[in-house]
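Since the structure comes first, as structure tokens, the remarks are kept for the end.
Along the sequence shown, residues carry numbers from 1. This one's a predicted model, so the numbers in the text were calculated from it and none came from an experiment. Excluded from the calculations below are hydrogen atoms, water molecules and symmetry mates; all remaining heavy atoms, backbone and side chain alike, are included.
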Amino acid sequence: VSSQDAALSQLDQLKLLPFKYITKAVDRGANSQIWLSAFQGGEDIGGKFFINMKETKLTPAALDAEKAKELWVLSERLSGIEFNL
């Protein structure tokens with residue numbers, strides 16, 4: 001395969017452009033997890049949600065237990081895998 005064949009076309013580059021704004025580079029992807037694992041602030045941080053090393057409030061949709069159950073059932077149905085938890 002030549003380097004020309006491996007290069008993305010301009011159209012393919014345009015298709016991928018939105019992902020530049022919603023994804024992170026590999027070397028930055030685990031920053032929050034690493035920061036939290038080394039955290040020594042003395043306060044309880046369990047059960048909190050962090051993005052880019054900053055606590056972030058969850059949206060009401062993320063806290064909706066009924067919707068979570070619906071999503072679980074749908075995921076099992078679509079994947080064909082049932083989890084008996």
Side-chain angles (χ1 to χ4, degrees):
V1 176
S2 72
S3 62
Q4 187 177 17
D5 292 335
L8 293 174
S9 71
Q10 286 183 331
L11 180 58
D12 286 336
Q13 289 177 16
L14 275 174
K15 290 177 189 175
L16 294 173
L17 187 61
F19 292 102
K20 179 179 179 180
Y21 300 100
I22 59 173
T23 60
K24 289 184 179 182
V26 173
D27 61 337
R28 293 184 55 224
N31 277 356
S32 290
Q33 292 88 336
I34 293 168
W35 179 76
L36 287 166
S37 70
F39 184 74
Q40 297 180 13
E43 66 180 88
D44 182 18
I45 57 171
K48 296 180 181 177
F49 186 68
F50 289 81
I51 296 178
N52 296 327
M53 298 174 281
K54 294 180 183 154
E55 184 178 353
T56 303
K57 299 293 181 197
L58 294 173
T59 64
L63 300 170
D64 188 330
E66 191 58 39
K67 288 292 182 190
K69 288 177 189 175
E70 291 176 25
L71 178 59
W72 188 270
V73 169
L74 177 63
S75 297
E76 284 184 328
R77 185 168 50 91
L78 292 175
S79 68
I81 301 171
E82 186 175 328
F83 294 92
N84 295 314
L85 302 176

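- Under a hydrophobic clustering in which Ile, Leu, Val, Met, Phe, Trp and Tyr are joined whenever their side-chain heavy atoms come within less than 4.5 Å, directly or via other members, I81 and V73 fall into different clusters.
- Closest approach of F50 to K48, counting heavy atoms only: CE1-CB, 3.7 Å.
- Within 6.0 Å of the CD atom in Q10, the count of heavy atoms belonging to other residues, nucleotides or ligands does not exceed 12.
- Rounded to the nearest 0.5 Å, atoms CG (L36) and CD1 (I45) are 4.5 Å apart.
- In this structure, the separation between CD1 on I51 and NZ on K57 is 13.0 Å, given to the nearest 0.5 Å.
- Residues passing the side-chain hydrogen bond (donor to acceptor under 3.5 Å, both in side chains) test with S9 are D12, sequence neighbours excluded.
- Side-chain atoms of E76 come within 3.5 Å of backbone atoms of F83 as a donor-acceptor pair (strictly under, hydrogens ignored).
- E55 CD to L58 CG: the interatomic distance, rounded to the nearest 0.5 Å, is 9.0 Å.
- Tracing side-chain contacts under 4.5 Å through hydrophobic residues (I, L, V, M, F, W, Y), one never reaches L11 starting from L17; they form parts of separate clusters.
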